[in-house]
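See structure below.
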Amino acid sequence: MTDMSTGPAILVEGLTKSFGDVHALRGIDLSVPRGTVLGVLGPNGAGKTTAVRILTTLLQPDGGRALVEGRDVVRDAAAVRRSIGLSGQSAAIQEELTGRENLELIGRLYHLSWPQARSRAAELLDQFELTDAADRAAKTYSGGMQRRLDLAASLVGRPQVLFLDEPTTGLDPRARLGMWDIIRSLVADGTTLLLTTQYLDEADELADEIVVIDHGQVIAAGTSEDLKGRVGGDVLEFTVPDRARIADAVSAIAKIGEGEAHVDEETGVISIGVGGRGSEALIEVVRALDGAGVAIQGLSLRRPSLDDVFLALTGHAAEEEEQPAKGRRGRRRSAKKDTAGATS
Amino acid sequence: MTAITVPAVQPPVGDPNLFTRARWAVSDTLTITRRNLLVWVRVPAYIMFTVIQPVMFVLLFRYVFGGAIPVKGTTYVNFLMPGIIGQSAAFATFGTAIALAQELKKGVIDRLKSMPMARSAVLAGRLVADTGRMFITILILVGVGYAVGFRFQNGFGLAVAMVVLATIFGLAICCIAAFTGLAIGDEESVQAFGLIWLFPLTFVSSAFVPISTMPGWLQAFAKNQPVTIVIDTMRSMALGGPIATNLWLSVAWLGGIFIVFVPLAIRAYKRAA
Ligand SMILES: Nc1ncnc2c1ncn2[C@@H]1O[C@H](COP(=O)(O)OP(=O)(O)O)[C@@H](O)[C@H]1O
Ligand SMILES: [Mg+2]
């Protein structure tokens, strides 16, 4: 397919979608240049999946428009489908079939010949380190392996634009790191990627640009550095092991920081923005706490994390968002039993 | 050179020509059919449900209840077999509804819908595979029937006609099941709902007992509902007796089911989200 477009791989303008009185998307704008990674970051229920489903032609928007590779996802859906790959929130694989059978099946549905489908499957199994398990039923795979197989399935048709909806949700930390490596290698091949995530570090790791959405709206956009800049400089963080002294610690450092200190009561971790006065503030904090007689652990000065960004942007931490379960029909929300089955 | 921002809209590309699309619709349907049959042979429970359960029904009715059920003009096992074949064809459609609900929930249907494959293939492949499965069940039942004393009384041609009618009947019920599976979209609910409509429809019919043994108020329903009409037709084909009226009624009922539920199933598939 020749492509004369000089525009972005994904362009979204004023996209809206409601389910009854739930406004899942309230006017979203996105632009993703070719060959780059956009991280769509937001808590549960923010509207990430809805946006992905519209962009992959599964759902009709109520308003606005969306183009993928210059093609309108509503009017030219068939053409869009030829250029995209989708790996949804749960592993959409046929568990009774083997990994190889799953991929060959998808290859056939992309209208590859049998020999082509076979060799494409073998190639992907190899790339995703599933060759050893290729001829076992996919239900014997670990959660991480199932996600890899699902991702492999989304690549059978060599998509120009790939959509990954929460690719690491439910994975253990090791499987998650493995997934990150794989995603990086895909991007190195020049694929445009739109990735949704609830994990702030994931967006930070993988994305060139990040869009933060909350309640169906873009509340911030930019590079990870831009977003961190919004928090206003460095963050000082330390732990007070004696929970009873947390209040003393907070009042001791109150005048040093910019804005209020953030306290995690559970872990005893206190963080406070200190603007550009990093090292100066470090010494002041040590003095102040020493003066107040509060013992601390692990004092560190760090660049703000995206957690801090979310807090600064919305006034609440991303993870605290409650999922309004009403009106859902339970679909794709069913927590996958990721630990089931063997690990490789 | 600086990039000029141009509207990124591409002119719509036409779909591949009609011939290519038709070829894909067929090959995609076959691919999905093949997948469904492969899944079926891999899961012992599915084989159990489609093969062993109907056989157990035959043995149960033939030897446990059969002695207590008087029928006019023939043996109970001859009376029973067309009924149990119809009932088994109807019950086989549980698998259709459940499989579609599962695929929907797991996101398999999303994945397939996001691909450039024929959109009709998921439903068509499901119906083809499940009808094939049901056909095997019917043949096994005929074999088991023969082993326990059942005999076709009306010649080979009408015996084949009975099997064909049972299969078309099963396919019609399959379309209803496909609609419920896609519209409800949750495995357990689909199963519960299936019991609610399939049980009365198959048991309050002429499948297992002569309708004249039922209380009068029940007879009114039992006599006029489609399962009875189809099974009576099958019975006449297998054992003899007037066929024409019931056959036309069956054709009307089954045609009606297809006309209503095929579009409903397609709509539910398109909307499934
Ligand atoms: N099919 C649907 N029917 C009703 N409500 C829905 C449906 N899909 C999503 N929603 C609602 O829309 C909002 C956004 O959902 P979603 O896009 O799945 O969020 P996310 O993927 O960010 O967790 C939520 O409030 C959700 O309950
Ligand atoms: Mg989601």
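Throughout, protein chains are lettered first and strands after them, A, B, ... in sequence-line order, and every chain is numbered starting at 1.
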Roughly how far, to the nearest 0.5 Å, is CZ of A:Arg81 from CG of B:Leu112?
-> 11.5 Å
Honestly, the part of A:Asp150 sitting under 4.5 Å from a heavy atom of chain B is both
Would you say B:Met117 and A:Tyr110 make side-chain contact, with heavy atoms under 4.5 Å?
-> no
Test A:Arg108 against B:Leu30 for side chain to side chain contact (heavy atoms under 4.5 Å, CB included), laying out the working first.
-> CA-CA 10 Å; A:Arg108 291 292 291 156; B:Leu30 291 177; over 6 Å; no
Portion of A:Glu101 that has a non-hydrogen atom of chain B nearer than 4.5 angstrom = side chain
Per-residue contact mode, B:Val39 against chain A (heavy atom under 4.5 angstrom) = both
For B:Phe57, check ring-ring contact (aromatic ring centres under 6.0 Å, His included) against everything at least two apart and list the hits.
-> none
Any donor-acceptor pair under 3.5 Å linking the side chain of B:Arg111 with the backbone of A:Gly88?
-> no
Spacing of CE belonging to B:Met115 relative to CD1 belonging to A:Ile106, to within rounding of 0.5 Å | 4.5 Å
For the student: nearest non-hydrogen atoms of B:Ser114 and A:Leu58, plus distance = N-CD2, 3.9 Å
Compare every heavy atom of B:Pro116 with every heavy atom of A:Arg82, then report the nearest pair and how far apart it is.
-> CG-CB, 3.7 Å
What are the two closest heavy atoms between A:Ser90 and B:Lys106, and how far apart are they?
-> OG-O, 3.0 Å
Quick one: does B:Gln102's side chain get under 4.5 Å of A:Gln94's, heavy atoms only?
-> no
